[in-house]
Amino acid sequence: MARVVVDVMLKPEILDPQGQAVQRALPRLGFEGVADVRQGKRFELELAGPVDEAALERVREIARTFLANTVIEDFHVRVEEGVEEVGAVR
């Protein structure tokens with residue numbers, strides 16, 4: 001099995017109130033120097049079979065029709081290989 005990741009982000013021209021709220025909160029929490037924050041979504045799809053161009057095109061179609069609102073969001077599809085989650089918090 002292979003993992004394909006779809007990252008969905010608001011388009012740059014779309015207002016991101018959640019990102020702005022995080023950006024405003026960071027200095028109050030002692031985190032200085034962050035100029036901008038954009039909030040997004042990450043989807044991980046485990047595919048059965050090889051990840052060839054046809055499989056990636058299917059994932060792009062899933063993203064286009066179901067995972068992202070392409071009027072206000074962009075998405076990026078990538079294959080995630082050999083990721084070891086050291087120190088990950090769940």
Side-chain angles (χ1 to χ4, degrees):
M1 283 200 205
R3 179 180 295 168
V4 177
V5 176
V6 179
D7 294 308
V8 179
M9 295 293 296
L10 288 169
K11 291 182 178 184
E13 62 271 17
I14 302 298
L15 181 67
D16 183 358
Q18 187 172 358
Q20 290 176 342
V22 170
Q23 181 185 3
R24 286 191 304 271
L26 289 175
R28 291 193 306 265
L29 298 170
F31 298 103
E32 300 293 335
V34 178
D36 192 25
V37 175
R38 301 288 289 176
Q39 180 267 332
K41 300 178 278 190
R42 172 186 163 114
F43 298 92
E44 297 179 358
L45 290 77
E46 296 288 336
L47 301 185
V51 180
D52 54 12
E53 191 53 40
L56 289 175
E57 188 52 42
R58 281 195 315 272
V59 172
R60 288 184 197 101
E61 184 63 21
I62 291 168
R64 221 179 344 269
T65 59
F66 186 66
L67 302 179
N69 176 348
T70 57
V71 173
I72 62 169
E73 295 173 319
D74 291 325
F75 66 89
H76 175 72
V77 175
R78 62 187 165 83
V79 178
E80 191 170 74
E81 298 183 32
V83 175
E84 185 176 324
E85 295 186 16
V86 177
V89 178
R90 295 216 181 241

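All heavy atoms count here, side chains included; hydrogens, waters and symmetry mates do not.
- Leu29 belongs to a hydrophobic cluster whose remaining members, ordered by chain and number, are Val22, Leu26, Phe31, Val34, Val37; membership requires side-chain heavy atoms of ILVMFWY residues under 4.5 Å apart, directly or through intermediates.
- The shortest heavy-atom contact between Pro50 and Ala55 is O-CB, 3.8 Å.
- In this structure, the side chain to side chain donor-acceptor pair (under 3.5 Å) partners of Arg42, at least two apart in sequence or on a different chain, are Glu44, Glu80.
- Residue pairs meeting the side chain to side chain donor-acceptor pair (under 3.5 Å) criterion with at least one member in residues 68-77, sequence neighbours excluded, are Lys41-Glu73.
- Here Arg38 contributes atom CZ and Gln23 contributes atom CD; the two are 10.5 Å apart, rounded to the nearest 0.5 Å.
- Other residues sharing a hydrophobic cluster with Met9 under the 4.5 Å side-chain heavy-atom criterion for ILVMFWY residues do not exist; the residue is a singleton.
- Hydrophobic clustering, defined by side-chain heavy atoms of Ile, Leu, Val, Met, Phe, Trp and Tyr closer than 4.5 Å, groups Val59 together with Val4, Val6, Val8, Phe43, Leu45, Leu47, Val51, Leu56, Ile62, Phe66, Leu67, Phe75, Val77, Val79.
- Sorted by first and then second residue, the salt bridge (Lys or Arg N to Asp or Glu O under 4.0 Å) pairs involving residues 54-72 (not counting sequence neighbours) are Glu53-Arg60, Glu57-Arg60, Glu57-Arg64, Glu61-Arg64.
- A side chain to side chain donor-acceptor pair (under 3.5 Å) check over residues 7-16, counting only residues at least two apart or in different chains, returns the pairs Asp7-Arg78.
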